[in-house]
Amino acid sequence: MPTPLDSFVGRREELAALARTEADRLVSLVGPGGAGKTRLAIQHASKRADQTWWTPLASASDVVQAIFVAVGAHPLPNGSARDAVVAEVEQHRRPLLVLDNCEHVLGAVAGVVAELLARCPRLRVLVTSREPLRLAGEQVFSVGELELEHDAVALFRDRAASVDRSFEVDASNVADVLAVCRSLDGMPLAIELAARRIPVLSPADILARLGDRLALLTGGPRTSEDRHRTLRTAIGWSYDLLSPEEQEASRRLAVLGVPFDLDVAAAVCGVPDALELLTGLEQKSLLVVDRVGGHTTFRQLESVRLYCRERAVAHGDVSLVADRVVEWVCSLVEPEISSFAPSPPVVLLLDRNVGLLDLAASRTASTGDWSRHALTAVATAWTSTPRGPRGAPTELLHQALSRPLPQAYRSVLAVLAAMHHRVRGGWHVTRRFAEESLAIERADACRPGTTARALEVLASAEAHTGDPSRAWELFDEASVLLRDSDDKLARAILLNSYGWTLLQHGFADRAAPLVRDALTLTRLIGLPHMLNPVLHTAGAIALARKDFPEAVELFRESLEVGAEHPMDQFYDLEGLALGLVGVGADDERALSLLTSANVVRTRYDFRAEPYWQALVDDARAVCRDRISATRLRAAESTGERMSLAQAISYALTEQPHAEDPADGVISARELHVATLVAEGLTNRQIGQRLGISPHTVARHVTHARSKLGLRSRAQLAVWAGRQTS
């Protein structure tokens, strides 16, 4: 067995898991170059009391001969080397054969291992490789990144101290050390090479130079194998073992710089289906698979990506990939530009690949392809990220509109620019862009969807800057255009916008039926996150009618269903806070939510409509009157410190109870739900009748029972029957 001269750090969970594989006859430690597979195998095997043979294969060409030497076999008269190995192995009770670094002789190793396991029933084999042997019964054990906050930092500290005894990880540098380890994907070899730079570079200096890590991370120990002395040679060893098709795919995918899915990979690699190609790269430890929310994406470790991107530059792949990304983006966007709004599946696909849009926009701008540049700007305006709001930057929209464009593209960009300024309170600019879009649409008179969209945005601008009566006419004109449309989402968006604008001008009763229809249509679409803006308007109507418990329910539901796009939810935090203040439930929580939402508004210059801002200001004033100075400062401080995601979680932590002397009297909505329970309807049937979700119905039932002191749904039905008899 090899005897390493430096310490072994971390991998406690991996060692424990390996200890549980004693019943498995073939275990393969698989991972990228520099992941520490060999060290893990040494650590595991050295703890065994039984016979263990170590077979290094990094420089071997004859696998059988290497094993023959490792096990100390003796030639047999008239027998082969394989027979001699079997004879030696069979003399031991629980033998373990370790085959280290098999990736370059994988086929030969697989054949020999299969034969030895068949002929030696007591033999166990442990393999280290960058891809599995793919034999029956093989247990593949992935060796990936070190645990960052402890093991990776400990490895950096240990290796840095070995070259500079004065080095310590302390409060002044721990954040930089952790950032270095994270940037290096927790890969032990890369961390060790980085730590060896400590005599001349601080952790902050190393972090700043990691963009050129292939030049930085060199100088491994002279006793190391050549392929482990620099990060470049470690990755190059794996790259050189790939087939020409896999090398080409690795180069082209590296240009993307962001995670990607199968469809994007197929487009970039120029193949009908990239499944087998990506499967091969994943098995060779050159791709990482991530699964979130039922969706699979792929990515390269950053060091691997930088190496492969160097190769892409050398092979002239960068422009080719950029052009193929542009084609992919435009193929999604162009069919949607004549619609009132893009279809949710297209938006979801763009959201998942939002990182590609900058590449597409830069490529089309650099080549002066202004028509397709406009489409990439449209795609950017339709998308959001987990950390940023939906929409394109102001500069991108304005610059795209300054170029020569087809009129259809200009109309879509103009209305998107109008919507962009609408959420920032720039009503006069909104009006100007909306009028430009509408003029183009009226001249063409062949796209009812985009015409209705221009009318809707212009109507909302007119309501705030011009004649509200003209706004209602524009809304009505848009409604006529969409009346016979099969696009339920378009009709729902229009009705909700109409209702929201009416509400702001004091027409809550006119707004209510429009928003109720919008809610019904949106629920029929079957995409919960699309309910968010409609539930908000419904909650605002409940506030206007002083039905504060109903408002609380609606805003809570909106926060729940909108979790996929949290950046859209600062309005709901404000709405829930207004409801809480109205019922006197939790002023401190309300003030924290108002403060957190204001942080988002300030950061992204999202300005509330005067109507809504007045409600928020009044609620904040009420909270300040009812809360002591100390508690007030604490509530505001809490709101300022929370991220938006934390604020949403805080808002939904528990259902607050109103401190109302009339406690025990249920709300009008709860009474309505109770009467439908008395009719024998299920929660789903009640939800369909009222245009709300079964989940919301269940909450109404629970709250009504709690307030009335009833123990069951049946008791609630009896009580409701008596109220209506």
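Note that these values count all heavy atoms, side chains included, but never hydrogens, waters or copies made by symmetry. Everything quoted here is computed from the prediction, not taken from an experiment.
Residue Leu57 forms a side-chain contact (heavy atoms from CB on, under 4.5 Å) with just one option from Thr128, Asp100, Val109, and that option is Val109. Put simply, the residue from Val289, Thr296, Leu253, Asp261 that forms a side-chain contact (heavy atoms from CB on, under 4.5 Å) with Leu278 is Leu253.
In summary, Glu456 and Arg453 engage in a salt bridge, as defined by a charged side-chain N under 4.0 Å from a carboxylate O. Salt bridge Arg134/Glu138: absent, no basic N to carboxylate O contact under 4.0 Å. A salt bridge links Arg12 with Asp151; the closest basic N to acidic carboxylate O contact falls under 4.0 Å. Comment: Asp323 engages Arg363 in a salt bridge, judged by a side-chain N to carboxylate O separation of less than 4.0 angstrom.
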Exercise for the section: Step by step, work out the side-chain contact (heavy atoms from CB on, under 4.5 Å) result for Leu359 and Val258. Expected result: CA-CA 10 Å; Leu359 175 61; Val258 294; over 6 Å; no
Exercise for the section: Would you sort out whether Leu18 and Leu29 count as a side-chain contact (heavy atoms from CB on, under 4.5 Å), showing the intermediate values? Expected result: CA-CA 10 Å; Leu18 276 175; Leu29 302 184; 3.8 Å; yes
Exercise for the section: Decide side-chain contact (heavy atoms from CB on, under 4.5 Å) for Phe433 and Val415; before the verdict, give the C-alpha distance in whole Å, the side-chain angles of both, and the deciding distance to 0.1 Å. Expected result: CA-CA 6 Å; Phe433 280 120; Val415 82; over 6 Å; no
Problem - Criterion side-chain contact (heavy atoms from CB on, under 4.5 Å) on Ile648 and Phe570, from CA distance to verdict - result: CA-CA 9 Å; Ile648 293 168; Phe570 58 93; over 6 Å; no
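Two residues are said to be in side-chain contact when any heavy atoms from C-beta on lie closer than 4.5 Å; Phe8 and Leu15 meet this criterion. Using a 4.5 Å heavy-atom cutoff, the side chains of Glu441 and Arg447 are in contact. Under the 4.5 Å side-chain criterion, counting only non-hydrogen atoms from C-beta, Ser343 is in contact with Glu336. No side-chain heavy atom of Val30 sits less than 4.5 Å from a side-chain heavy atom of Val127. Contact of the Val268 side chain with the Val325 side chain is registered, since non-hydrogen atoms from C-beta on lie closer than 4.5 Å. Residues Arg309 and Arg305 meet the side-chain proximity criterion, which asks for heavy atoms closer than 4.5 Å. Side-chain contact between Leu301 and Ser303 is absent, with no heavy atoms from C-beta onward closer than 4.5 Å. The closest side-chain heavy-atom distance from Leu256 to Leu356 is below 4.5 Å.
For Leu241, the side chain to side chain contact (heavy atoms under 4.5 Å, CB included) criterion is met by Glu103, His104, Trp237, not counting sequence neighbours. Under the side chain to side chain contact (heavy atoms under 4.5 Å, CB included) criterion, Ser238 pairs with Arg130, Leu286, not counting sequence neighbours. For Asp290, the side chain to side chain contact (heavy atoms under 4.5 Å, CB included) partners two or more places apart in sequence, or in a different chain, are Val288, Thr297, Arg299. Looking at residues two or more places apart in sequence or on another chain, you find a salt bridge (charged side-chain N to carboxylate O under 4.0 Å, His left out) between Glu14 and Arg11. Looking at residues two or more places apart in sequence or on another chain, you find no side-chain hydrogen bond (donor to acceptor under 3.5 Å, both in side chains) involving Asp487. Applying the salt bridge (charged side-chain N to carboxylate O under 4.0 Å, His left out) rule to Arg607 yields the partners Asp605; only residues at least two apart in sequence or on another chain are considered. For Asp205, the side chain to side chain contact (heavy atoms under 4.5 Å, CB included) partners two or more places apart in sequence, or in a different chain, are Leu201, Ser202.
How far OG of Ser250 is from CD of Gln300: 6.0 Å, rounded to the nearest 0.5 Å. Atom CD of residue Gln407 and atom CD1 of residue Ile440 lie 4.5 Å apart, to the nearest 0.5 angstrom. The OG atom of Ser371 sits 10.5 Å away from atom CZ of Arg410, with the distance rounded to the nearest 0.5 Å. In this structure, CG on Asp572 lies 8.0 Å from CG on Leu535, to the nearest 0.5 angstrom. Taking OG of Ser649 as the reference point, atom CG of Leu559 lies at 10.5 Å (rounded to 0.5 Å). Note that CG of Leu644 and CD of Gln569 are 7.0 Å apart. Values are rounded to the nearest 0.5 Å.
Here the shortest heavy-atom pairing between Ser129 and Leu106 reads OG-CD1, 3.6 Å. The heavy-atom pair separating Leu397 from Leu416 by the smallest distance is CD1-O, 4.3 Å. The nearest pair of heavy atoms linking Thr376 to Ala361 is OG1-CA, 3.6 Å. The two atoms that bring Ala400 and Leu413 nearest to each other are CB-CD1, 3.7 Å, heavy atoms only. Nearest heavy atom pair, residue Ala392 against residue Leu396, reads CB-CD2, 4.2 Å. Taking both residues in full, the closest heavy atoms of Phe260 and Asn353 are given as CA-OD1, 4.2 Å, listed atom of the first, atom of the second, then distance.
Within the structure, salt bridge (charged side-chain N to carboxylate O under 4.0 Å, His left out) contacts touching residues 29-40 (residues at least two apart or in different chains) are Asp6-Arg39. Screening residues 232-246 for salt bridge (charged side-chain N to carboxylate O under 4.0 Å, His left out), with sequence neighbours left out, gives Arg232-Glu310, Glu246-Lys284. For residues 300-332, the pairs satisfying ring pair (Phe, Tyr, Trp, His ring centres under 6.0 Å) are Tyr239-Tyr307, with sequence neighbours left out. Applying the ring pair (Phe, Tyr, Trp, His ring centres under 6.0 Å) test to every pair with at least one member in residues 332-382, sequence neighbours left out, gives these pairs: Trp370-His373.
Judged purely by atom type and a 3.5 angstrom limit, Gln283 has no side-chain atom pairing as donor or acceptor with the backbone of Pro132. One N or O on the side chain of Ser643 and one on the backbone of Gln646 form a donor-acceptor pair closer than 3.5 Å.
Side-chain polar atoms of Asn532 and Ser558 form a donor-acceptor pair below 3.5 angstrom. For the residue pair Arg197/Thr218, the side-chain donor-acceptor check at 3.5 Å is satisfied. Side-chain contact, Ser437 with Ser411: a donor N or O sits under 3.5 Å from an acceptor N or O.
Environment of CZ in Arg209: sparse, with no more than 12 heavy atoms of neighbouring residues, nucleotides or ligands closer than 6.0 Å.
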Show me the donor-acceptor pairs, under 3.5 Å and distance only, between side chains in residues 179-190 and residues at least two apart or in other chains.
from: Ser183; atom 1: OG; to: Arg213; atom 2: NH2; distance (Å): 3.0
from: Asp185; atom 1: OD2; to: Glu302; atom 2: N; distance (Å): 2.9

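In this structure, His421 has its ring center closer than 6.0 angstrom to the ring center of His398.
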